Structure formats: structure tokens, C-alpha cells
J.: 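Here it is: the structure, laid out below.
This chain uses plain numbering: 1 for the first residue, then up along the sequence. Everything numeric in this text was worked out from a predicted model, so none of it was measured. Atoms considered below: every heavy atom in the structure, side chains included; atoms not considered: hydrogens, waters and symmetry mates.
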Amino acid sequence: MSSRAHHQMAFDDNGLAAALFGPHHGHLAQIEQGLGVSIHARGNEVAISGNDAAVDRAAKVLNVLYGRLEKGLDVDAQEIDGALRMSEGAGPKANGAEVTVQTRNKVISPRSATQAAYLKAIDESELVFGQGPAGTGKTYLAVAKAVERLVQGRVDRIILSRPAVEAGEQLGFLPGDMREKVDPYLRPLYDALYDMLPGPQVVKRLESGAIEVAPLAFMRGRTLANAFVILDEAQNTTPVQMKMFLTRLGENSSMVITGDLSQVDLPRGIRSGLRDAIDVLSQTKGVRFAEFTEKDVVRHRLVARIVQAYQGVEAERRTGARYEHYEDGGDG
């Protein structure tokens, strides 16, 4: 059982300390609630009390957030949530300093140990799979890395793709020109781009071909060299489509595959290409995998609870369905 501890901290810059504490000390209250500690602030000093481990984590979180402010970066509720998650485990530098991503619009730091490991894997491997629930930053961080490399001149282009499974890839049957047909399926990728680059630059690079956003069907027969390639919503590929996409990888290119195996929209009986690829490539040298969970959800805090609630109910339903099947005399 942990003993009670007390820890005093002082911050050199009064202005940064005020930003760290938040309006009406709201940031400190968030840390208190997250870690079960008591934090009392006066001027540029804080006193933390609680059990040993929680006090140590609170001090670590405050130091990390103060470091962000010293670098001119913002501290808000989401950054505090991220710092709380990062303080939980050992991973690459709790403040994410080793794995930040620099885009034209912002500096992006990992907000969970899994995110930090994912970014590190992208830096170290040419093929990375990120699998897990919505809101964990899988696609957003991959796009951030792609933009960083394009801006640095390390790749000539970014290629972002998704399977247009809602249209069964039969885009010719939809009304409008080709862009109007595919944009609804690719909108999340555009949103990420506009978050990281000034709007005029996104438009210019899309027009020049330096950034290409296209449905998976458009990848067939191509070799993607000198590029950062992302396949999003990969759980909705078939094994044949996934193999086709993976074999597009060319010289000086990196590929990130993201998806959520709990959200497969393929017709019943068709195996997910993402599941197939993870099984086939699990022991392949040079391929890295990141497994996200509801603990890594970095959207609104309620989203993590929603994901967790649905996962619990779905597990119960699957168990109930199996039980009913056996009761009816099924062979399993």
C-alpha cells in the first residue's frame, strides 16, 4: 500500500505558471481528478499531496506541461489528458519530445504511450499497421508524419487512400463528376490535411499532384515511389485488395495502414484484408504493428467511455449469441 506524500514545486516564470494552472486553476483541478491528488497553488508555487505514486505522476505531468509552455506550445484539456496518459507508463519520453511531429500549422505531440510508440515505428519502419478504435489518432498522426516529410523534402508526394466500400467501389454508378463521387469517402483525410497545412498550400499541392487523395480502386497497377502512402479504413479491404495495395510500395517510400477491426463493413463471409495482412505479416522483418485501445482515445473524454461501453455490450451480445446457438443444438 502506498504511503502518503507531499511535494512542493515552484515555476520560474509567473506568466507561464498562470497558464499552467489554467483559468480558475481549472488545469490543476483536472489533474487532481485524474490522479486522485490534492494540489494547492499560491503564486508560482504548488503543493501536491496524495499517495506516493500519484504525487510523482502529478509532478511529472506539471513539469511536462510547463515544458510545453516554455516552447511556446499550448496547454489545454486535451493536452492535460495526454500528459496524464503518458505519465502512466514508461514509453518514449513522457513529454513526447523525441517523437513530436512538426507541420506548417502546428507541433503535434503524442497523447498516449501507444501513440508515441506508433510515431517511433513510423520513423523506423517502411511499413506500419495501426489498428484500434476510432478517436485514437491512427490516421491523424500518419497524415501528420506524411506532411512533415513532404515539407522537409524527404518525399515527393503524399498518397492518401480509402476503400469506398459504401459504394462497393462501383463509383461509376454514382451521380456527379469523379471528385464529387469520391470526396464523401475521403473527407476525413482532407480534414486532417487542412488541420496541418494552410488551406492555399493544400489546394496547390492537390492540384500539382504532390498530395493525392484517391479511393483504393485507383491504386491498381501503380508503383508508388518517393512517397508517403496511407491506407485508411483498411478493415474494409478484401485480402486481394490489401495484397494489391501492399505490393505498390516503391523505392524511398513508406506505407502506413490504419483500420478498426471492430468496424468491418464488408459483406458477411468476406474476410477483412486488414485482419488477413496482420496474420500473414506478423512475423515479417521490417513490418511494425501498433495496437490501440479505448485507453488511447484522444477525442472528447466522453468518446473513450462511449467506445468502452459499446465494446462491453458487443462482447456480451456475442457471448449471448453463442450461448443461444449451443442451446439450440448448434455445432459451434
Side-chain angles (χ1 to χ4, degrees), residues 99 101 110 114-150 155 157-165 169 182 185-186 188-190 192-193 211-266 270-293 296:
V99 283
V101 186
T114 307
Q115 284 195 351
Y118 179 57
L119 289 173
K120 197 163 186 288
I122 293 172
D123 282 338
E124 295 174 352
S125 178
E126 294 172 337
L127 177 58
V128 177
F129 288 82
Q131 196 281 126
T136 50
K138 308 179 300 294
T139 303
Y140 187 84
L141 292 175
V143 174
K145 271 293 180 187
V147 169
E148 179 183 60
R149 291 194 192 175
L150 183 67
V155 296
R157 55 187 173 149
I158 297 171
I159 298 172
L160 308 174
S161 186
R162 293 179 111 188
V165 70
E169 296 280 77
V182 302
Y185 309 105
L186 304 172
L189 299 175
Y190 285 111
L193 286 171
I211 298 176
E212 180 182 349
V213 185
L216 177 61
F218 285 31
M219 298 298 111
R220 192 173 299 278
R222 303 175 61 184
T223 299
L224 308 174
N226 300 307
F228 195 109
V229 188
I230 299 170
L231 176 60
D232 189 33
E233 298 288 340
Q235 76 276 4
N236 289 327
T237 63
T238 66
V240 171
Q241 288 173 323
M242 176 61 79
K243 182 181 178 184
M244 177 275 292
F245 189 82
L246 292 173
T247 54
R248 301 307 95 195
L249 187 65
E251 289 297 318
N252 190 40
S253 289
S254 294
M255 188 174 279
V256 179
I257 314 293
T258 68
D260 177 3
L261 287 169
S262 72
Q263 299 292 329
V264 177
D265 296 319
L266 294 168
I270 296 181
R271 181 171 168 80
S272 166
L274 177 59
R275 165 58 63 202
D276 193 65
I278 290 172
D279 290 346
V280 170
L281 301 176
S282 61
Q283 303 300 318
T284 302
K285 185 177 179 181
V287 182
R288 299 276 290 275
F289 300 88
E291 182 80 25
F292 294 85
T293 71
D296 299 300

J.: Can you establish whether the number of heavy atoms outside E126 located under 6.0 Å from its atom CD is more than 12?
T.: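 No - once you tally the heavy atoms of other residues, nucleotides and ligands closer than 6.0 Å, there are 12 at most.
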
J.: In terms of heavy-atom contacts, does CD of E251 have more than 12 from other residues, nucleotides or ligands at under 6.0 Å?
T.: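 At most 12 heavy atoms, drawn from other residues, nucleotides or ligands, come within 6.0 Å of this atom.
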
J.: In Å, rounded to the nearest 0.5 Å, how long is the span from NZ of K138 to CZ of F129?
T.: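 Rounded to the nearest 0.5 Å, the NZ-CZ separation comes out at 14.0 Å.
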
J.: Ignoring hydrogens and angles, tell me if any N or O in the side chain of T247 forms a donor-acceptor pair with the backbone of K243 under 3.5 Å.
T.: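 Between the backbone of K243 and the side chain of T247 there is a qualifying donor-acceptor contact (under 3.5 Å).
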
J.: Quick check against the 3.5 Å criterion: does T136 have a side-chain atom that pairs as donor or acceptor with the backbone of D296?
T.: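 The answer is no, because no donor-acceptor pair under 3.5 Å joins these two groups.
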
J.: Taking the side chain as every heavy atom from C-beta outward, state whether I122 and F228 have any atom pair closer than 4.5 Å.
T.: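 In short, these two side chains touch, coming nearer than 4.5 Å.
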
J.: Among residues at least two apart in sequence or on other chains, which ones pass salt bridge (Lys or Arg N to Asp or Glu O under 4.0 Å) with R222?
T.: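 R222 satisfies salt bridge (Lys or Arg N to Asp or Glu O under 4.0 Å) with E212 only.
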
J.: As an exercise, state the distance from CG of L224 to CD1 of I158, rounded to the nearest 0.5 Å.
T.: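 L224 CG to I158 CD1: 13.0 Å, rounded to 0.5 Å.
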
J.: Identify the two heavy atoms, one from A116 and one from P110, that lie closest to each other, and give their separation to 0.1 Å.
T.: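 Nearest heavy atoms, A116 then P110: N-CB, 3.5 Å.
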
J.: Only counting residues at least two apart or in another chain, list the ones meeting salt bridge (Lys or Arg N to Asp or Glu O under 4.0 Å) with R157.
T.: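 Partners of R157 by the salt bridge (Lys or Arg N to Asp or Glu O under 4.0 Å) criterion come out as none, since no residue qualifies.
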
J.: Would you sort out whether D260 and Q131 count as a side-chain contact (heavy atoms from CB on, under 4.5 Å), showing the intermediate values?
T.: CA-CA 5 Å; D260 177 3; Q131 196 281 126; 4.0 Å; yes

J.: side-chain contact (heavy atoms from CB on, under 4.5 Å) between L127 and T284: does it pass, once the steps are laid out?
T.: CA-CA 10 Å; L127 177 58; T284 302; over 6 Å; no

J.: May I ask you to test the R271-D279 pair for a side-chain heavy-atom distance under 4.5 Å?
T.: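 Result yes, sub-4.5 Å side-chain heavy-atom pair found.
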
J.: Compare all side-chain heavy atoms of L274 with those of L261 and state whether any distance is below 4.5 angstrom.
T.: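 Heavy-atom side-chain distance check passes, below 4.5 Å.
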
J.: Restricting to non-hydrogen atoms, name the atom on S272 and the atom on Q235 that form the minimum distance, rounded to 0.1 Å.
T.: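 Here S272 and Q235 meet closest at OG-O, 2.9 Å.
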
J.: List the atom of V101, the atom of A144, and the distance in Å for their closest heavy-atom pair.
T.: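 Shortest heavy-atom separation between V101 and A144 comes out as CG1-O, 3.4 Å.
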
J.: Would a distance-only check, ignoring hydrogens and angles, find a side-chain to backbone donor-acceptor pair under 3.5 Å from S253 to N226?
T.: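 At least one qualifying donor-acceptor pair exists.
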
J.: Rounded to the nearest 0.5 Å, what separation is found between the OG atom of S161 and the CZ atom of F218?
T.: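 Between S161 OG and F218 CZ, I get 9.5 Å after rounding to 0.5 Å.
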
J.: Tell me the closest heavy-atom pair linking R288 and S125, and the distance in Å.
T.: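 That closest heavy-atom pairing would be CG-CB, 3.5 Å.
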
J.: Show, in sequence, the C-alpha distance, side-chain angles and deciding distance for T258 and L231, and conclude whether the side-chain contact (heavy atoms from CB on, under 4.5 Å) test is met.
T.: CA-CA 6 Å; T258 68; L231 176 60; over 6 Å; no

J.: Which pair of heavy atoms, one from P163 and one from D232, lies closest together, and at what distance?
T.: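 That closest heavy-atom pairing would be CD-O, 3.2 Å.
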
J.: Taking salt bridge (Lys or Arg N to Asp or Glu O under 4.0 Å) as the test, write out the residues that go with R248, two or more places apart.
T.: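 With sequence neighbours excluded, R248 shows a salt bridge (Lys or Arg N to Asp or Glu O under 4.0 Å) to no residue whatsoever.
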
J.: Looking at K145 and D123, is any side-chain nitrogen of the basic one under 4.0 Å from a carboxylate oxygen of the acidic one?
T.: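 Yes, charged N to carboxylate O under 4.0 Å.
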
J.: Which word best sums up how the rings of Y118 and F292 line up, parallel for under 30°, tilted for 30 to 60°, or perpendicular for over 60°?
T.: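 Plane angle over 60°, so perpendicular.
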
J.: Where is the tightest heavy-atom contact between V155 and A227, given as atom of each residue plus distance?
T.: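 Nearest heavy atoms, V155 then A227: CG1-C, 4.0 Å.
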
J.: Working to the nearest 0.5 angstrom, can you tell me the gap between D265 CG and N236 CG?
T.: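 It comes to 4.5 Å.
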
J.: Just how far is it from atom CD1 of I159 to atom CD1 of I211, taken to the nearest 0.5 Å?
T.: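 Here the rounded value is 11.0 Å.
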
J.: Decide yes or no for M242 and I257: does some side-chain heavy atom of the first lie under 4.5 Å from some side-chain heavy atom of the second?
T.: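 The answer is yes, as the side chains (C-beta and beyond) meet within the 4.5 Å cut-off.
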
J.: Determine whether L160 and L193 make a side-chain contact, defined as any pair of heavy atoms from C-beta on separated by less than 4.5 Å.
T.: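 Yes, at least one pair of side-chain atoms sits under 4.5 Å.
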
J.: Can you confirm whether S254 sits close enough to V128 that some side-chain heavy atom of one is under 4.5 Å from a side-chain heavy atom of the other?
T.: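 Result no, sub-4.5 Å side-chain heavy-atom pair not found.
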
J.: When you compare the side chain of L216 with that of M244, does any pair of heavy atoms fall below 4.5 Å?
T.: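 A side-chain contact exists here, since the closest heavy-atom pair is under 4.5 Å.
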
